[in-house]
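Every chain is numbered from 1 and lettered A, B, ... according to where its sequence line falls, protein lines coming before strand lines.
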There are 2 protein chains.
Amino acid sequence: MDKIPILRMGQFLLVTIQVDLYDRLALDLEADLVKMVSKTGARGILIDISAVSIVDSFMGRIIGNIGVMSKLLDAETVVVGMQPAVAITLVELGLPLKGVYTALNVEKGMDLLKNKIQLDEEEEIGPDDDNSNDLTE
Amino acid sequence: MDKIPILRMGQFLLVTIQVDLYDRLALDLEADLVKMVSKTGARGILIDISAVSIVDSFMGRIIGNIGVMSKLLDAETVVVGMQPAVAITLVELGLPLKGVYTALNVEKGMDLLKNKIQLDEEEEIGPDDDNSNDLTE
């Protein structure tokens, strides 16, 4: 079990971090995620860190990197389930996770991603499109 | 990190197993899942075991138990992402995971659950209902 599984769910990729992200594991996750975005054409990444209670600057930087890298591949990153102590530590470390969105839980994160993607598509199609109110999928 | 996070996604609960399920962790997961089904009224449980390469009879039994327990609470269990070696081991151990559905990946597992739930609802409403062909959600 030396790899964090990446689950594909429609246009999104879902990762739950349950183990300590030591160096190689974190770098592997970063590389795997970017490869997977490129391979599947995913439009969003959800990273659930609800099981993470301790964070260090390395992990903060890796999450930030994933956000920036996936943005270059036209995918948004949402970090969900952050524990309050982790938020405090990240700010104290001077790592406010720029380029990464956050949401309280997976459901809210998924709604956020769906809205982001829809906004992008509306901009491409134009504001007068018939589907602009279709929020059902 | 001594708890496996359970993610709620609409009517379903999603669990990814990434660490060795030693005794207490497995029993905690079993209890947490059943509590969560009862609390949220979830209709399905998705257990992703794509990161699991070694399985023993205890883990096989726990997964079977989760299936039976959640069935009692009117929720179906789908195990997804099983590695071929795990399937071989489970059969050789005489644990064919009765009462648990399986699917190749999370997307297919979710489709399976949606179909199951829809069939249940159709049976409750009756076969002449207008929504019987509505597969869009």
Side-chain angles (χ1 to χ4, degrees), chain A residues 1-22 25-26 28-29 32 36 39-42 44 46-56 59 78-83 85-86 103-114 131 134-137, chain B residues 1-22 25-26 28-29 32 36 39-42 44 46-56 59 78-83 85-86 103-114 131 134-137:
Chain A
M1 313 224 187
D2 50 356
K3 246 182 195 298
I4 295 175
I6 300 168
L7 308 180
R8 190 182 173 179
M9 316 201 64
Q11 290 187 293
F12 307 133
L13 302 177
L14 176 67
V15 178
T16 53
I17 296 174
Q18 299 174 14
V19 289
D20 286 317
L21 276 187
Y22 54 88
L25 193 69
D28 281 355
L29 175 66
D32 286 349
M36 195 91 166
K39 204 175 77 182
T40 61
L46 277 158
I47 304 176
D48 174 75
I49 56 166
S50 58
V52 174
S53 49
I54 298 165
V55 74
D56 59 6
M59 188 165 158
V78 179
V79 172
V80 299
M82 192 184 292
Q83 291 185 18
V86 171
L104 203 60
N105 56 40
V106 176
E107 278 188 309
K108 286 184 181 157
M110 208 159 263
D111 289 344
L112 182 71
L113 278 178
K114 280 178 186 162
N131 298 321
D134 181 14
L135 278 158
T136 46
E137 218 306 328
Chain B
M1 312 223 187
D2 50 355
K3 245 184 198 295
I4 295 175
I6 300 169
L7 307 181
R8 188 180 174 181
M9 315 200 63
Q11 290 187 292
F12 308 132
L13 302 177
L14 177 67
V15 178
T16 54
I17 296 174
Q18 300 174 13
V19 290
D20 287 317
L21 276 186
Y22 55 87
L25 193 68
D28 281 357
L29 175 65
D32 286 350
M36 195 92 165
K39 204 175 78 178
T40 63
L46 276 158
I47 304 177
D48 174 75
I49 57 166
S50 57
V52 174
S53 49
I54 299 163
V55 74
D56 59 6
M59 189 165 158
V78 179
V79 172
V80 300
M82 192 184 291
Q83 291 184 19
V86 171
L104 201 62
N105 55 42
V106 176
E107 278 187 309
K108 285 181 182 160
M110 208 159 264
D111 289 344
L112 181 71
L113 278 178
K114 280 177 189 165
N131 298 321
D134 181 15
L135 279 159
T136 48
E137 221 295 327

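Rounded to the nearest 0.5 angstrom, B:Met9 CE and A:Leu46 CG are separated by 7.0 Å.
Scanning all heavy atoms of the two residues, the minimum distance from A:Arg8 to B:Glu107 falls at O-CG, 3.3 Å.
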Could you walk me through whether B:Val106 and A:Leu14 pass the side chain to side chain contact (heavy atoms under 4.5 Å, CB included) check?
CA-CA 10 Å; B:Val106 176; A:Leu14 176 67; over 6 Å; no
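Interface summary for chain B: among A:Ile4, A:Val80, A:Asp48, the most heavy-atom pairs under 4.5 angstrom belong to A:Asp48.
Using a 4.5 Å cut-off between heavy atoms, A:Thr16 touches chain B through backbone and side chain atoms alike.
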